[in-house]
Amino acid sequence: MQSAAAAFGLVRPCPARPPLQLGPGSSSCRPILLPARHLAAGIASSSRGPAAVAARSLGRLLLLPPPPISPDRAGRGRARHVACGAAAGDAKAEEEEGGLAKTLQLGALFGLWYLFNIYFNIYNKQVLKVFPYPINITTVQFAVGTVVALFMWITGIFRRPKISGAQLFAILPLAVVHTMGNLFTNMSLGKVAVSFTHTIKAMEPFFSVLLSAIFLGELPTVWVVLSLLPIVGGVALASLTEASFNWAGFWSAMASNVTFQSRNVLSKKLMVKKEESLDNINLFSIITVMSFFLLAPVAFLTEGIKITPTVLQSAGLNVKQVLTRSLLAALCFHAYQQAGI
């Protein structure tokens, strides 16, 4: 029996070894399975006798090709392949559609930002031209923004934020510079042309780089400094040739640049911890509400409450027209800042 197994190449007798201390029932020789190449060698070496015939038969059996795949099984495989390809194609199409939708949404927000910004400047300039009280006008804009924010929270359009006293204290500096920036912008719009105010406000990148270097330690590269030179030169040239130039409007616009960029630097430095309900729109809404409560006492103590029907009528102004345009300017002011977030 052992010789036949050896002829088939399935087992190999153990070589002679020194006797080992084995336990009861153990054997000092165990069958060792051979790999396929040893099996083939065994088949080739046995050329005669019944064992050789059996070995050759076993070799032919082992070397037979695999059975052919049935048409049904092949069809199922092709169907799975087609289904996987279709699923991948659908996923790619959905990804492309999602990217297109995001691009269209971003383009729509840019368009709304420009549209609301244009109408804000038009209505705001028309009111400030006949009603030279920028603190009152800015207070009205923050008041309308506060009403809009409360309306969104009450109706559930945006989830009412859960905010702690520590977070409100961290947001307070942002509200202060936000208030001052919008107040200085309105002061500049009341003194000079809208185009000149926004030409000066093109200096915002310069102040952003300057304040980031001072307070955040972010030093600009040489290329950034070189890119700012045309901006500074263009604003200087426009200021020299502006027909409506006056120092009050110029410095108000410059102060607006400084305060707005201070807000951006402070937001990076303080890094207000946000809850799930405190997204960018809710954060801006909270800043707007805080700005209203900060500026309302200042308006009362400095200019007084001027934007009332009685005061407007006594000044010989069209009460309905001034109030309507003030309201539209405030709505556009809040809308364009929301779209830009």
To the closest 0.5 Å, what do you measure between CG (L295) and OG1 (T302)? 8.0 Å
Pairwise distance CG(L328) to CG(N124) - rounded to 0.5 angstrom: 11.5 Å
Is S252 reaching over with its side chain to a backbone N or O of A248, donor-acceptor style, under 3.5 angstrom? yes
Tell me whether the count of non-hydrogen atoms from other residues, nucleotides or ligands lying under 6.0 Å of CD in Q313 goes above 12. no
List the atom of S188, the atom of G249, and the distance in Å for their closest heavy-atom pair. OG-O, 3.0 Å
To the nearest 0.5 Å, atom CZ of F293 lies from atom OG1 of T146 at 6.5 Å
Among F116, F120, Y123, F284, ring pair (Phe, Tyr, Trp, His ring centres under 6.0 Å) partner for F333: F120
Sub-6.0 Å ring centroid separation between W113 and F110: no
Can you label the angle between the W247 ring and the W251 ring as parallel, tilted or perpendicular, going by 30° and 60°? parallel
Treating N246 as the side-chain partner and K191 as the backbone partner, does any N or O pair qualify as donor plus acceptor under 3.5 Å? yes
CD of Q141 to NE2 of H334: how many Å apart, nearest 0.5 Å? 12.0 Å
Do Y119 and I137 sit in one hydrophobic cluster, given that two such residues count as connected whenever their side-chain heavy atoms are within less than 4.5 Å of each other, even indirectly? no
Going only through I, L, V, M, F, W and Y residues with side-chain contacts under 4.5 Å, is there a path from F151 to I281? yes
Would you say M180 ends up clustered with L301 if hydrophobic residues are merged whenever their side chains have heavy atoms under 4.5 Å apart, either directly or through other cluster members? no
If you compare all heavy atoms of L317 against all heavy atoms of F131, which two are closest, and at what distance to 0.1 Å? CD1-CD1, 4.4 Å
Would you please indicate if the ring centroids of H178 and F142 are separated by under 6.0 Å? yes
Would L228 and I231 count as a side-chain contact (heavy atoms from CB on, under 4.5 Å) if you check the C-alpha gap in whole Å, the side-chain angles of each, and the deciding distance to 0.1 Å? CA-CA 5 Å; L228 294 175; I231 297 175; 4.2 Å; yes
A side-chain contact here means heavy atoms from C-beta on lying under 4.5 Å apart; do L331 and V148 qualify? yes
Look at the side chain of N282 and the backbone N and O of R159, then say whether any donor-acceptor pair between them is shorter than 3.5 Å. yes
So CG of L229 and CZ of F206: to nearest 0.5 Å the spacing works out to 9.5 Å
Using a strict cut-off of less than 4.0 Å between a Lys/Arg side-chain nitrogen and an Asp/Glu carboxylate oxygen, indicate whether E204 and K201 qualify as a salt bridge. yes
Any side-chain to backbone donor/acceptor pair from K129 onto G190? Under 3.5 Å, distance only. no
Verify same cluster id: L211, I200 (apolar side-chain graph, 4.5 Å): yes
Flag side-chain contact, heavy atom, 4.5 Å: F250 against F196: yes
Taking I135's backbone N and O only, do any of them form a donor-acceptor pair with E303's side chain (distance below 3.5 Å, no angle check)? yes
I'd like to know whether Y133 forms a side-chain contact (heavy atoms from CB on, under 4.5 Å) with I307, so could you lay out the CA-CA distance, the side-chain angles of the two residues, the decisive distance to 0.1 Å, and finally the verdict. CA-CA 9 Å; Y133 296 100; I307 191 161; over 6 Å; no
Please name the pair of heavy atoms, one in S227 and one in P230, separated by the smallest distance, quoted to 0.1 Å. O-CD, 3.3 Å
Looking at side-chain heavy atoms only, is the closest gap between N182 and T259 below 4.5 Å? no
Heavy atoms only: give me the nearest I171-M290 pair and the separation to one decimal. CG2-SD, 3.9 Å
Looking at T324 and Q321, would you say the former's side chain and the latter's main chain have a donor-acceptor pair under 3.5 Å? no
Report yes if some heavy atom in the side chain of T221 is under 4.5 Å from a heavy atom in the side chain of V224; otherwise report no. yes
At what distance, to the nearest 0.5 angstrom, does NZ of K125 lie from OG of S195? 9.0 Å
With no hydrogens and no angle check, do the side chains of Q337 and N117 hold a donor and an acceptor under 3.5 Å apart? no
Cut-off 3.5 Å, side chains only: do N186 and T138 have a donor facing an acceptor? yes
Would you say the side-chain atoms of N136 pair up with the backbone N or O of K306, donor to acceptor, closer than 3.5 Å? yes
Ignoring hydrogens, what is the shortest heavy-atom contact between T139 and A296? Give both atom names and the distance. CG2-CA, 4.0 Å
side-chain contact (heavy atoms from CB on, under 4.5 Å) between F292 and T288, worked out: CA-CA 6 Å; F292 168 70; T288 301; 6.0 Å; no
Are I154 and I163 co-members of a hydrophobic cluster defined by side-chain heavy atoms under 4.5 Å apart? no
Is any side-chain heavy atom of Q261 closer than 4.5 Å to one of S212? no
If you take all heavy atoms of S256 and G181, which pair is closest and at what distance? OG-O, 3.3 Å
Would one find more than 12 heavy atoms of other residues, nucleotides or ligands at under 6.0 Å from atom CZ of F245? yes
Candidate pair E242 and T199, rule side-chain contact (heavy atoms from CB on, under 4.5 Å), full reasoning: CA-CA 10 Å; E242 175 60 37; T199 300; over 6 Å; no
